[in-house]
Amino acid sequence: MKNPPSLKDELNDSQYQAVTTTDGPVLVIAGAGSGKTRTLVYRVAHLINSGVDADSILLLTFTRKASQEMLWRAGRILNDSCSRVTGGTFHGVANMLLRRYGSHLGFGTGFTIIDRADAEGIINLLKSSLELSGPKKQFPSKRALINMISGSVNKAIDLEDLIFEQYSHLSEFADDILILQKHYKIFKYDHGLMDYDDLLVNWQRLLEELPQARQEISNRYQYIMVDEYQDTNLIQADIVRLAAYQHDNVMVVGDDSQSIYSFRGADFYNIMRFPEIFPRTRIIKLEENYRSSQPILSLTNDIIRSAAEKYTKTLFTSIEGERKPYLYGGRDERLEADFVVKKILELQAEGIDLNNIAVLFRSGFHSFKLELELGSHAIQFEKRGGLKLTESAHMKDVLAVLRLLVNPLDNLSWNRLLLSIEKVGPKTAQKITAAISGADDPFAALASYPAGKTWKQGIAGLAKLFAKLRSSGEKPGGLCEMILNWYQPVFERLYADDYPKRQKDLDQLKTIIESYDDLQSFIDDTTLDPPETDQQAYGNTIDTLVLSTIHSAKGLEWEAVFVIGLADGRFPHASAFPGESWEEERRLLYVAATRAKQYLYLTYPRELMTPDRKFKRVGMSPFLVEISPGTYERLEHSYGNSDSFISQKPSRRPPKPPSSKKRKKVPLEHFSKGSRVDHPFFGAGTVQKLTPPRSLDISFDRHGVKTLHLDYAKLSILES
DNA sequence: AAGTGCCAAATTTTT
DNA sequence: TTTGGCACTT
């Protein structure tokens with residue numbers, strides 16, 4: 001530190017404690033806006049300043065960007081770079097370690113990381129090649145399906161429970177999912193592919209099964225810090241435990257009321273369990289909020305109050321402010337958007353830059369209307385959480401070639417490339433893929449494949465491309481150049497209608513790839529941290545408004561924040577039921593509202609368009625109904641159509657039980673220990689244990705013991 | 001039997 | 001804006 005004594009002035013007591021602790025496990029419970037990033041930054045700087053080797057610090061964060069920014073800030077304090085600190089996401093570090101130690105685990109160094117879109121591709125391939133019996137129509141949404149099949153490893157509940165909760169009435173469908181999951185695993189294994197979950201699972205295996213690796217890693221990283229600990233899953237928690245086994249020198253920072261990633265396997269009980277896993281744990285609470293004004297804090301405290309929390313914090317702030325959060329209900333989505341635009345213009349007039357304003361929403365499409373409205377007012381905006389550069393089809397074509405150079409077993413990429421050949425469809429592509437993946441030299445096998453008349457040329461072209469690439473010895477930039485030459489005609493044929501627009505992306509890719517010396521790390525980086533398509537890449541740092549999903553807004557802050565779409569049915573999401581998922585939606589609203597420093601606007605439409613283009617009147621979100629009306633100021637409809645709404649008193653009706661409507665509630669008392677019951681998916685079973693209020697453990701004859709919840713389970717009693 | 005082209009439908013959140 | 005089904009062509 002430039003000026004060591006100043007540390008105490010820069011930080012409050014709790015922060016100072018966290019920063020200067022040098023050994024032993026520490027759990028930092030940090031409320032929203034309490035300066036936890038700042039605390040971690042200072043800790044890194046302090047450690048290095050007191051002589052700790054930067055090499056021995058491991059900083060695990062939620063995104064790669066977050067760790068880069070923290071290390072940059074720490075570097076500024078030290079007047080020196082922190083480049084020797086290992087920082088990044090769990091997945092990034094897992095990748096690095098697996099490349100180094102992976103061969104001991106039985107897979108070669110050649111594995112390719114796949115993202116969700118790839119997982120989806122595999123599942124589609126499997127769906128067409130396996131004969132599935134279930135009714136196609138009843139498949140859940142595509143995303144839900146992918147989550148179930150590829151993302152269930154880390155879930156505390158297993159896949160069978162998940163299926164049964166949601167689709168217990170469709171046992172054929174449930175069978176299909178299990179079959180798909182089995183084949184999905186085999187496919188990945190056979191073709192050297194690894195998804196996000198696999199990275200973590202294999203890191204854990206590395207630590208658990210190879211004592212030598214465990215010791216090396218634990219020795220090397222003497223100081224382990226984890227940010228956003230409430231978003232870790234069980235495997236990540238275990239990794240932390242194993243990696244620190246020699247010194248227990250771990251500091252985790254998190255906020256249980258900001259846990260919003262359980263759909264991805266995050267388990268906020270990790271925070272509760274931390275002191276059990278590390279018995280000597282010191283708990284430090286950061287309760288002062290440095291971000292929001294008091295009126296905003298009162299409202300956000302009110303949002304979270306009704307949630308059952310384990311670690312209670314009472315946030316306080318000394319930031320003055322007389323503006324209460326505003327609540328506005330527009331007649332429909334268009335008027336809601338209209339309101340937002342008007343207020344944005346007013347804020348700008350008050351001197352607040354667009355950079356300091358954000359609009360947040362639950363789901364990506366909730367901002368469509370607003371995007372139109374912003375466009376017509378020529379307000380520049382940037383949408384977060386949208387399409388990534390590498391998610392578009394033309395990018396994936398080019399990446400597939402690069403991926404094959406590194407991992408020729410990658411059947412997914414083979415399939416993708418073959419499909420881009422004219423006159424080759426799914427069936428032909430699969431046949432060719434099957435033939436070449438069995439061969440010793442897949443590239444030679446491709447060249448000698450007995451091709452049909454119409455598509456012979458396409459195959460030959462591809463084979464020639466690979467021959468050229470593999471003999472060239474070029475750097476990634478040069479390879480990319482060659483690929484683009486081959487790709488140009490294919491590209492123009494595939495995207496005949498809009499290829500000029502997509503061409504820009506290809507140019508951008510070339511620029512990115514030229515900064516890499518090593519093809520493997522380029523491919524890893526694009527999958528783990530895909531660059532976004534933005535105009536900022538072209539160098540003009542323009543003043544733009546941020547539109548973002550709440551999930552992508554995590555950890556950020558703005559002067560003024562609009563949370564839109566707070567209507568019943570939209571927020572919480574329609575599929576959330578009372579219980580944990582309902583609470584998570586509540587925390588999501590909490591995260592959204594706590595992003596605001598001075599101005600907070602909560603808006604909702606009173607009318608929504610249903611898919612069949614009819615209008616449906618909706619009320620405001622049940623979460624808003626629960627908030628005490630004194631904490632916000634209601635803005636009335638004061639312009640435009642005059643058929644407005646006079647004095648809408650916030651109704652005092654109790655939060656209505658969300659849509660578990662039709663199912664009649666079976667009281668727990670109907671069951672007793674030993675009752676025989678029948679379940680549509682698991683079949684017959686015997687009740688083992690009753691857990692009030694509404695859970696029971698049942699031992700199924702064919703599926704073992706399951707814990708079921710009466711609100712979800714369709715149980716019928718055979719004999720009591 | 002496979003490939004192509006056209007129209008209709010749907011859309012949680014993501015390292 | 002992208003995916004799925006259907007009819008038509010090769």
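Proteins get letters first, then strands, A, B, ... in listed order; numbering begins at 1 in each.
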Can you measure Glu584(A) atom CD to dT14(B) atom C1' for me and round it to whole angstrom units?
12 Å
Calculate the interatomic distance between Lys383(A) atom NZ and dT12(B) atom P; express it in whole Å.
13 Å
Quick one: does NZ or CZ of Arg99(A) land under 6.0 Å from the six-membered ring centre of Phe111(A), within 45 degrees of the ring axis?
yes
Looking at every strand, decide which applies to Phe90(A) at a 4.0 Å heavy-atom threshold: base, sugar-phosphate, or nothing.
nothing
Give me the distances for all protein-to-nucleotides 2-4 of chain B N/O pairs that come in under 3.5 Å?
from	atom 1	to	atom 2	distance (Å)
dG3(B)	OP1	Gly425(A)	N	2.6
dG3(B)	OP1	Thr428(A)	OG1	2.2
dT4(B)	OP1	Lys423(A)	N	2.8

I'd like to know if the side chain of Glu585(A) reaches the main chain of His573(A), judged simply by a donor and an acceptor atom lying under 3.5 Å from each other, with no hydrogens or angles considered.
yes
Between Arg64(A) and Glu585(A), which has a closest nucleotide on DNA chain B that is more 5'?
Glu585(A)
Look at the side chain of Ser363(A) and decide which nucleotide, out of dT12(B), dT3(C), dT14(B), has an atom nearest to it.
dT12(B)
Interatomic distance, Asp197(A) CG vs dT14(B) P [rounded to whole Å]
16 Å
Hydrogens and angles aside, do Asp397(A) and Ser420(A) bring a side-chain donor and acceptor to less than 3.5 Å of each other?
no
Could you check how far CD1 of Ile123(A) sits from P of dT3(C), rounded to whole Å?
14 Å
Backbone of Glu228(A) reached by a side-chain donor or acceptor of Thr232(A) within 3.5 Å:
no
Considering only heavy atoms from C-beta outward, does the side chain of Leu199(A) approach that of Met194(A) to under 4.5 Å?
yes
Tested for side chain to side chain contact (heavy atoms under 4.5 Å, CB included) against Ile239(A), the lone hit among Ile217(A), Leu207(A), Val93(A), Leu60(A) is Leu207(A)
Would you say Thr549(A) places a side-chain N or O within less than 4.0 Å of OP1 or OP2 belonging to dT12(B)?
no
Within this structure, what is the CD-to-P distance between Glu120(A) and dT11(B), rounded to whole angstrom?
13 Å
May I have the distance from Leu566(A) (atom CG) to dT12(B) (atom C1'), rounded to whole angstrom?
15 Å
Member of Leu59(A), Thr86(A), Thr61(A) meeting the side chain to side chain contact (heavy atoms under 4.5 Å, CB included) criterion with Leu71(A):
Leu59(A)
Separation of Arg362(A) atom CZ from dT14(B) atom P, in whole Å?
9 Å
Atom-to-atom span, CD1 of Ile550(A) to P of dT12(B) - whole angstrom
15 Å
Answer yes or no for this row: His573(A) ring on dT12(B) base, centroids under 5.5 Å, planes under 30°.
yes
Thr63(A): which residues meet the side chain to side chain contact (heavy atoms under 4.5 Å, CB included) condition with it, sequence neighbours left out?
Lys65(A), Ala66(A)
Looking at DNA chain B, which of residues 364-376 of chain A put a heavy atom within less than 4.0 Å of it?
Gly364(A)
Both conditions, 6.0 Å and 45 degrees, for the charged tip of Arg587(A) above the ring of Phe268(A): are they met here?
yes
